[in-house]
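One structure below.
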Amino acid sequence: MSMPAVADFARDFPILARPVRGRRLAYLDNGATTHKPEAVIEAESRFYRESNANIHRGVHWLSQHATDLYEQARERVRGLLGAARADEIVFTRGTTEAINLVAYSWGRANLRPGDEIVLTGMEHHSNIVPWQLVAGQAGATIRVVPLTDSGELRLDAYEALLGPRTRLVAVVHVSNALGTVNPVARMIELAHAVGARVLVDGAQAVAHQPVDVQALGCDFYAFSGHKLYGPTGIGALYARSELLEAMPPWQGGGDMIRTVAFEGSTWAEPPQRFEAGTPNIAGAIGLAAAIDYVAAIGLQRIADHEHRLLEHATAAVERIPGLRLIGTAPEKAGILSFVVDGIHPHDLGTILDAEGVAIRAGHHCAMPVMTRFGIPGTARASFALYNDERDVEALVAGIGKAQQMFGRRPHR
Ligand code: PMP
């Protein structure tokens, strides 16, 4: 029997069957969060029904069982990212917490006055603000790689920024505001040549293409489960084990210590050193189910499907007069960011919503991108495995309707 087409897996997502505003839902806000297949919803609720207990140090059977499930989930994340060892995976609340972990632990221990952190002009706020906070304390400076008009990084400028003072490069794998897929492998190579460490923000990458941290050679890789069909409140940081072993704790509490005394305490080995307190156990188990789910379909198949849809959608919106795409790099993931003459992105989003089309409008937590393009925000449609041509048709029809309402449909 042949595999169903990728978009046919939409039937595994119960929420997609509910009408919204009396219409078939065209959910195109996957960059913000994806929906969850039955397998993920079921894995989380089964954990609470059958396996719930606090993990680690438990003497009773359920605690050991829950610990096993949680550690198996870590192994699944290792597999997803192609890491060498499961203890290189730290569970976090998501990408934001993973980046803050690196900033507050590695950053505070390693950044000195005069050091430089290289960011890019297309970072999400979560890969800018933690570095500003830590750089301010350390006396380090932030340098920024500029963007081209098509929304690509200027690699010549990047190379020129790198030097003996560069301590860290933090770069987004796939831009949530532009869709650009950055040449991170090459960027990591160049950064390593000057002795810098590299953190990759994989929030928009892991659900849309296969990722292999060892092939990339990155030092840190961060992602969120909820953008990968998994639960909210769970994500992970990959960090090379030599780095993790040398890093101090950033949050103190239960589970991250070896011994505690008022005279001084000692720390557990990684990854426990970085997982203070009771973690999101059910979330980790739900994330493992999400990883199994995408693995069964195949991330390369998902990538190919989304790419075809992106090409179809790009051609369709380019035919709309008065519409301008923001982000036209040759290497793009399934994200369409655009502005329409005379219609504020928020108004467009509201009109599309009335048509059952869910998009995002605004700065997408990437204000420097908006500043670079001289716009207050964009409308953004972002694809997932369950989207198909019908969603694109609904989007295009909705934009046409908005233009008519605003009297902005130019005559051809
Ligand atoms: N980085 C990028 C590129 C993102 O798109 C997002 C989410 N929009 C984040 C980081 C932050 O992810 P989270 O809110 O799940 O921590």
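Remember, it's 1-based here, ligands and their atoms both numbered in the order they're listed.
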Return the protein residues near ligand 1 (heavy atom under 4.0 Å from any of its atoms), ordered by chain and residue number. Thr95, Thr96, His124, Ser126, Val172, Asn176, Asp201, Ala203, Gln204, Ser224, His226, Lys227
Tell me, please, which residues at least two apart from Tyr27 pass side chain to side chain donor-acceptor pair (under 3.5 Å). none
Give me each pair satisfying side chain to side chain donor-acceptor pair (under 3.5 Å) with a member in residues 277-298, each pair once, sequence neighbours excluded. Asp12-Tyr293, Asn54-Thr278, Arg76-Asp292
Do Phe223 and Tyr238 have ring centroids that are under 6.0 Å from one another? no
Do the side-chain N and O atoms of His56 and Thr67 include a donor-acceptor pair separated by under 3.5 angstrom? no
Answer with yes or no after comparing the ring centroid distance for Tyr70 and Phe91 against a 6.0 Å cut-off, counting only values under it. yes
Please enumerate all residues that pass side chain to side chain donor-acceptor pair (under 3.5 Å) together with Gln272, with sequence neighbours excluded. none
